[in-house]
Each structure stands twice: as C-alpha cells, then as structure tokens.
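Reading through the structure tokens given below for one structure.
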Amino acid sequence: MTVNNTIVCITGASSGIGKAAAKKFAEQGARVLLCARRIDRLHELENDLKKKFSADVFSAQLDVRNQHDVQTFFANLPAEWKEISLLVNNAGLSRGLNPIHAGELSDWNEMIDTNIKGLLYVTRAVLPGMIERSEGHIINIGSTAGFWVYPKGNVYNATKFAVNALTQGIKMDLLGTPIRVTEIDPGLVETEFSEVRFHGDKERAAAVYKGMTPLTADDVADSILWAATRPAHVNISNIILMPTDQSSPTLVHRR
Ligand code: NDP
Ligand code: 8X3
C-alpha cells in the first residue's frame, strides 16, 4: 500500500520517534498531521518538511491527557484534514526509575494519563471516522517494556502492558472491518526519552546508552512505515525491535 497523499496523524511529533516518523511519511508523500505540546518545535519541523519534501503539513498544539481538548480538536479539524488514514499513537513518556515504595505519585499519574488515557482519548476520537469510511490503520507505539517487566520499571511497564492489551483488544473489536491495528515495540532508542525519565538529568540519561549502540528514532520510523505499507490484507500485529547490543530490557552488552 502507498501512503502517498493519505493523511497520517502522529502524536508526539515534536521529538524522537514521532519526529522521525513525520519525516519518513512526509518523504513518501503523506499529508502529515502533527500533534504535541511544544508547538514551536512542530512549526520548525513543519517548515523543514515543507522545504525538503514540499509536504502538506498541519501542526497542532495538543496535550493528549486533556480529554476535552482531544475531542474538540479532532471534531473541529478542517474538512481537508478530517479523513485520517493512519493514526500513530506515539506520544508517551516514562518518569522516574524508583522502586514502587519510593515512587512519585505525580510521575505515576503523568505516565498513566499520557501512555494509557491519552492513547485512548485520541483513538476514540479518530476511530469512528475510519469505521465510517471503511479504511484506516492504527499503529500504537508500545515497548519491550510492555512484554518484559524490569526492576524499578513498575508503572512504566504497566502502562506499556496496557498498550499491548489495548492493541489486541482494538484489533478484536475491529474484526470484520478493513481497519488494521499494529503495535511497534522497540527496546533502547536514543531520543529525549531518558532525559524526560530522569527529569532533565542529561548525564544520567547519557549513561543509559553508554558503551552500546542503541536504536535510532529513524530505525523505529522505518518499521512504522514498513507496517503501514504492507498490502491491505496483511495486518502486522507486532514488531519487536532491539539493538543488536540488547537481548532483554536488563541484558545489554557494553564495550
Ligand atoms: P521523546 O521524549 O523524544 O518524545 C516523546 C514525544 O511525546 C514528544 O514529542 C512529546 O512532545 C510527546 N508527548 C509527551 N507527552 C505528551 C502529551 N501529554 N501530549 C502530547 N504529546 C506528548 O521520546 P521517544 O521518541 O523515545 O518516545 C516516543 C514513544 O516511544 C513513547 O511512547 C515511548 O514510551 C516509546 N518508546 C521509547 C523507547 C526509547 O527507548 N526511547 C523505547 C520503546 C518505546 P511534547 O513534550 O512536545 O508534548
Ligand atoms: C523504553 C525502553 O527499556 O527504557 O520503552 O523501558 S525501556
């Protein structure tokens, strides 16, 4: 299937995997609808995509945690941006790496509100249009953290296990429709992810990838594009991808 001229909505497009996916899809001629809280970054990306690929881009400031804003935003999209063919539920984050008895409740709430509830709000707003038009694809960004729990990963792990359950559940509920549902599950990817997890501690974030070669955001974007461009009768359920230097969340080869 081609994504040329189709509308691809990517949440969390201001950084990392979402930003790399926006580039990849724009390069393929998709019309990209980009959401994140940092609108200045989205405008920068929009200019870049327009210059490099003459892309059609719509940028929007959106906090996926805000149920009302999500509903209003998707309900009021301009007519020429309403028919979303591919939704990439990418917005997400981890906060903290503490044992459960020392966890920050605000960190827990932020992860649950973003990774689970945010994904649900956006999906609920976009899916009815896909069902009405009998076309569409939802790609959720899960994680290896949604397959294997690791020490101190607790709530982040739980949110990604939830994404995994929701991906399976959405696919079941859509059986009999042509809508495809996929989850992409990366291991270590060097983005702003660890800096966000450690509340801006760049040194601690850099140590996560020290002495090993992590995945890049571009590697993950490649697999998103690949899943999206299979023939219409092929539904890629999951793609688990890890760096060659990683064999489980806790087994990482460092030089
Ligand atoms: P980044 O921190 O680089 O990017 C996260 C993106 O999510 C940003 O664009 C951020 O935008 C957006 N975001 C966060 N909270 C919200 C919100 N409330 N509303 C809207 N957008 C939001 O990290 P990654 O690119 O690595 O992360 C992307 C996804 O990949 C996440 O779901 C993460 O869990 C997952 N993942 C990451 C891995 C890794 O090792 N890096 C591995 C496996 C999965 P803004 O702050 O502008 O709102
Ligand atoms: C991100 C990968 O292992 O840091 O989901 O949780 S990990």
Side-chain angles (χ1 to χ4, degrees), residues 9-23 34-45 59-67 69-70 73 88-97 107 109-122 139-164 166-167 183-200 204-205 207-209 212 214-221 223-224 238-243 245-252:
C9 174
I10 303 169
T11 65
S14 62
S15 169
I17 295 167
K19 185 177 177 181
K23 285 188 184 161
L34 309 177
C35 312
R37 292 164 302 176
R38 288 171 293 180
I39 189 69
D40 48 328
R41 284 194 178 208
L42 290 184
H43 284 149
E44 246 174 64
L45 177 61
S59 306
Q61 183 167 41
L62 186 68
D63 185 333
V64 297
R65 293 172 300 177
N66 189 317
Q67 184 185 353
D69 285 0
V70 170
F73 170 70
V88 182
N89 275 317
N90 165 75
L93 80 183
S94 68
R95 285 290 199 193
L97 190 66
D107 285 350
N109 285 332
E110 195 176 355
M111 289 187 278
I112 291 166
D113 290 349
T114 311
N115 301 357
I116 306 178
K117 292 165 77 179
L119 179 145
L120 279 170
Y121 297 155
V122 175
I139 299 186
N140 292 332
I141 307 303
S143 170
T144 48
F147 286 79
W148 299 280
V149 175
Y150 55 84
K152 302 178 188 170
N154 46 64
V155 177
Y156 180 67
N157 284 124
T159 65
K160 290 300 183 178
F161 269 73
V163 171
N164 191 1
L166 286 169
T167 306
E183 184 174 295
I184 307 286
D185 299 295
L188 290 167
V189 192
E190 192 163 12
T191 61
E192 292 175 15
F193 176 85
S194 291
E195 222 179 295
V196 171
R197 165 169 257 176
F198 300 127
H199 293 279
R204 196 171 171 202
V208 173
Y209 314 103
M212 56 89 62
L215 295 174
T216 64
D218 215 39
D219 296 327
V220 184
S223 60
I224 301 172
N238 288 84
I239 298 176
I240 297 182
L241 65 158
M242 282 194 248
D245 283 342
Q246 182 179 23
S247 53
S248 82
T250 49
L251 278 174
V252 178

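Note that this is a predicted model, so its numbers are computed, not measured. First listed ligand is number 1; within each ligand, the first listed atom is number 1.
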Please identify which atoms of ligand 1 are closer than 4.0 Å to at least one heavy atom of [X].
X	result
Gly142	43 (C), 44 (C)
Gly16	3 (O), 25 (O)
Leu62	19 (N), 20 (C)
Asp63	17 (C), 18 (N), 19 (N)
Ser14	8 (C), 9 (O), 10 (C), 11 (O), 45 (P), 47 (O)

| What residues form a salt bridge (Lys or Arg N to Asp or Glu O under 4.0 Å) with Asp245, not counting sequence neighbours? | Arg255
| query | How would you list, by chain and number, every residue that makes a salt bridge (Lys or Arg N to Asp or Glu O under 4.0 Å) with Glu44, sequence neighbours excluded? | reply | none
N or O pair under 3.5 Å between [X] and ligand 1:
X	value
Val189	yes
Leu188	no
Val64	yes
Lys160	yes
Thr144	no
Tyr209	no

Nearest protein heavy-atom contact for [atom]: which residue, which atom, what distance?
atom	answer
atom 25 (O) of ligand 1	Ile17 N, 2.8 Å
atom 28 (C) of ligand 1	Asn90 OD1, 3.1 Å
atom 6 (C) of ligand 1	Gly12 O, 3.7 Å
atom 35 (C) of ligand 1	Ile141 CG2, 3.9 Å
atom 26 (O) of ligand 1	Thr191 OG1, 2.6 Å
atom 1 (P) of ligand 1	Ser15 OG, 3.5 Å
atom 15 (N) of ligand 1	Arg37 NH2, 3.2 Å
atom 43 (C) of ligand 1	Pro186 O, 3.2 Å

| side chain to side chain contact (heavy atoms under 4.5 Å, CB included) partner of Thr159, chosen from Asn164, Asn115, Asp113, Thr114 | Asn115
Closest contact, heavy atoms only, [X] versus [Y]:
X	Y	result
Arg37	Gln61	O-NE2, 2.8 Å
Met242	Ser248	SD-N, 3.9 Å
Ala20	Asp218	CB-N, 3.9 Å
Pro214	Pro243	CA-CG, 4.0 Å

| Which pairs pass side chain to side chain donor-acceptor pair (under 3.5 Å) with one or both residues in residues 142-158, sequence neighbours excluded? | Tyr150-Arg197
Give every pair made of an N or O atom of ligand 2 and a protein N or O atom lying under 3.5 Å apart, one pair per line with both atom names and the distance to 0.1 Å, or write 'none'.
from	atom 1	to	atom 2	distance (Å)
ligand 2	5 (O)	Ser143	OG	2.5
ligand 2	5 (O)	Tyr156	OH	2.6
ligand 2	6 (O)	Tyr150	OH	2.5

Nearest 0.5 Å please: distance from the [atom1] atom of [X] over to the [atom2] atom of [Y].
X	Y	atom1	atom2	result
Glu183	Asn89	CD	CG	10.5 Å
Leu45	Ile10	CG	CD1	8.5 Å
Ser194	Leu93	OG	CG	11.5 Å

| Going by heavy atoms in the side chains, are Ile184 and Ile139 under 4.5 Å from each other? | yes
| request: Compare all side-chain heavy atoms of Leu62 with those of Thr11 and state whether any distance is below 4.5 angstrom. | output: no
Keeping [X] on the side-chain end and [Y] on the backbone end, is there a donor-acceptor pair under 3.5 Å?
X	Y	result
Glu190	Tyr209	no
Lys160	Ile141	yes
Asp63	Arg65	yes

| remark: Nearest non-hydrogen contact to atom 42 (C) of ligand 1 from the set Gly187, Ser194, Gly146 belongs to Gly187
| message | As a check for students: among Ala91, Ala217, Ala21, identify the option with a heavy atom nearest to atom 21 (N) of ligand 1. | response | Ala91
